[in-house]
Amino acid sequence: MLYDLFNYLHSHFDIPGTGVFRYISFRAISALVFSLMLSTLTGRRIIDRLQRLQIKETFRDLGIEDQMKKKGTPTMGGLIILIAIIVPVLLFARLDNVYVGIMLLTTLWLGSLGFADDYIKVFRRDKGGLRGRFKIFAQVGLGLIVGVTLFFSPEVVIRENMEVRNKTANTIEEVLHHSNQTKSAKTTIPFVKNNNFDYAWLTGWAGRYRTEATCLLFVLVVIFIVTAVSNGANLTDGLDGLAAGSSAIIGTALGILAYTSSHIEFASFLNIMFIPRAEELVVFAAAFIGATIGFLWYNSFPAQIFMGDTGSLTLGGLIAVFAILIRKELLIPILCGVFAVESLSVLIQVAWFKCTKKKYGAGRRVFRMTPLHHHFQLSGEQSPALVRRPRNAIPESKIVVRFWLIGILLAAVTLITLKLR
């Protein structure tokens, strides 16, 4: 909104200072600061309001030290995050940009889904929340919309990178980009020299229906990524500040990737495809970072509020869609390694328990408790398992900080992969 207003003032009245809104760096920093202020200033009021409405998290005793002290802490704090993302984006981003439109749709879609789940848990006293099939249906629906839009929208284009090589030394002298913008299903794949991967390469068998087959494959990949990362973030939201802090780290890496992908010189330096108009995603990433960091003001240990599914489902979905928009979805297993490990720990635990129960008559555990962060909260005496380390329980705040450090390391590795080929 402000971009259009100040652009009009600059173009028609040449008012000093109004042209600054044309710079993506100014609008991104403004969105970051405004989002941070909005989340911290409105957070206290929202917490007080939720407490008066007695919107509190429900717990079952897992035998974890100090766990029951959290009983009565208000939930649905994801509302703070939603407000702190949507308002700055509406103010500082270009709303005619297709990428911004997709991200806002994702925010509202998954925010509504998470809110419905929390509402059922809190007001209807149903600990199961929204039925799993309805969650999956909503996530699949979002993935379908995003995938089809990206595949067919004329505004979603790329300029592919090409290498100019020295024939004698077989070294890259220069990286150029095609002058024409083209529709393409290509994405970036890590650790290989020719790092552009085209989904159409997998559908050559379809013959004259290759375009339709490529579209179907791409949409299925988008659905899988959105569902997996959204649920992974939801599972990670189990300790004070863990999901919010991890998301802030991932959002920072995605913001850097969006800026380099939309800047022709940086794209040439990194030898990656150039994505026109993706620079507006930097503004969204800035608002995302400000919202999650601001939320930590109240969510860090000991938490004054929990984000609930309103926040966790939204954060995971936003990360997934953002990565897909900048053609970096194949980097998600590295960048979102914390989410991935948390999800895998649950899958491994369930599979091993069922297998051993069928074989021995009693189920056995690989971890003391899942998701994985709970494993470190219990000692070996409390819950024996196949994985015996660490022997003693670790304080919650230390677990969270260690997971953050791992997240920072994974984010750095993700950025480095663009040059490691």
Side-chain angles (χ1 to χ4, degrees), residues 57 62 64-67 70 73 77-78 81 228-256 288-289 291-309 311-320 322-323 331-349 366-380 382-383 385 387-416:
E57 186 69 88
L62 301 175
I64 298 174
E65 184 180 359
D66 296 332
Q67 178 209 11
K70 298 182 180 183
T73 303
I81 297 175
V229 180
S230 181
N231 290 326
N234 192 26
L235 290 172
T236 305
D237 182 32
L239 300 181
D240 297 351
L242 179 56
S246 299
S247 298
I249 294 166
I250 295 170
T252 302
L254 289 174
I256 295 172
F288 181 93
I289 297 165
T292 49
I293 293 177
F295 184 71
L296 282 174
W297 185 272
Y298 302 104
N299 184 240
S300 58
F301 183 84
Q304 297 171 264
I305 189 170
F306 302 132
M307 68 171 65
D309 287 2
S312 59
L313 286 176
T314 305
L315 292 179
L318 288 175
I319 289 169
F322 197 109
L331 296 175
I332 284 180
I334 304 172
L335 180 59
C336 300
V338 171
F339 295 170
V341 170
E342 295 274 36
S343 299
L344 284 174
S345 69
V346 175
L347 294 175
I348 292 171
Q349 186 87 320
V366 176
F367 307 101
R368 293 164 189 160
M369 187 180 296
T370 57
L372 185 61
H373 53 258
H374 287 318
H375 168 82
F376 299 102
Q377 290 185 284
L378 297 173
S379 65
Q382 288 178 283
S383 181
V387 178
R388 300 180 180 180
R389 297 280 182 175
R391 298 186 183 279
N392 299 319
I394 300 176
E396 179 175 340
S397 56
K398 182 171 287 189
I399 296 172
V400 171
V401 172
R402 287 179 176 177
F403 271 62
W404 286 353
L405 294 175
I406 294 172
I408 293 172
L409 177 62
L410 292 173
V413 171
T414 301
L415 298 175
I416 292 172

Interatomic distance, OG@Ser247 vs CG@Leu242, rounded to 0.5 Å, equals 9.0 Å

task = Say whether, by atom type as modelled, one donor and one acceptor occur between the side chain of Glu396 and the main chain of Leu239 under 3.5 angstrom.
result = no

Please check: side-chain N/O of Trp404 versus main-chain N/O of Gly241, any donor-acceptor pairing under 3.5 Å?
yes

On a heavy-atom basis, the closest approach of Ile289 and Ala248 is CG1-O, 4.2 Å

From the list Leu318, Asn299, Leu315, side-chain contact (heavy atoms from CB on, under 4.5 Å) partner of Ile81 resolves to Leu315

All heavy atoms of Leu313 vs all of Asn231, minimum pair found to be CD2-OD1, 4.0 Å

Nearest heavy-atom approach of Val229 to Ala320 is CB-CB, 3.8 Å

Between Asp237 and Met307, the two heavy atoms sitting closest are OD2-CG, 3.3 Å

Separation between CD1 (Ile250) and SG (Cys336), nearest 0.5 Å, reads 4.0 Å

Yes or no on side chain to side chain contact (heavy atoms under 4.5 Å, CB included) for Ile319 and Leu254, after CA distance, side-chain angles and deciding distance? CA-CA 8 Å; Ile319 289 169; Leu254 289 174; 4.0 Å; yes

Kindly say whether Arg389 contributes a backbone atom to a donor-acceptor pair with the side chain of His375 at under 3.5 angstrom? yes

Here the gap from Arg388 atom CZ to Arg368 atom CZ, rounded to the nearest 0.5 Å, amounts to 10.0 Å

Review point. Does the side chain to side chain contact (heavy atoms under 4.5 Å, CB included) test come out yes or no for Leu410 and Ile406, once each step is laid out?
Key: CA-CA 6 Å; Leu410 292 173; Ile406 294 172; 4.0 Å; yes

Rounded to the nearest 0.5 angstrom, the CG-CD distance for Leu344 and Gln349 is 12.5 Å

Phe376 and Pro390 have their tightest heavy-atom pair at CD2-CD, 3.5 Å

Exercise. Check step by step if side chain to side chain contact (heavy atoms under 4.5 Å, CB included) holds for Asp240 and Phe306.
Key: CA-CA 8 Å; Asp240 297 351; Phe306 302 132; 3.4 Å; yes

Between Ser345 and Glu342, is there a donor-acceptor pair closer than 3.5 Å when you use the side chain of the first and the backbone of the second?
yes

Nearest heavy-atom contact between Leu335 and Ala411 is CD1-CA, 3.9 Å

Report task. Give a yes or no answer on whether the side chain of Ser312 reaches the backbone of Ala233 with a donor-acceptor pair at less than 3.5 Å. Result -> no

Between the CD1 atom in Ile249 and the CD1 atom in Ile408, the distance rounded to the nearest 0.5 Å is 4.5 Å

For this session: Run the numbers on Ile332 and Phe339 for side chain to side chain contact (heavy atoms under 4.5 Å, CB included), then give the verdict.
Result: CA-CA 10 Å; Ile332 284 180; Phe339 295 170; over 6 Å; no

Separation between CD1 (Ile334) and CG (Leu409), nearest 0.5 Å, reads 11.0 Å

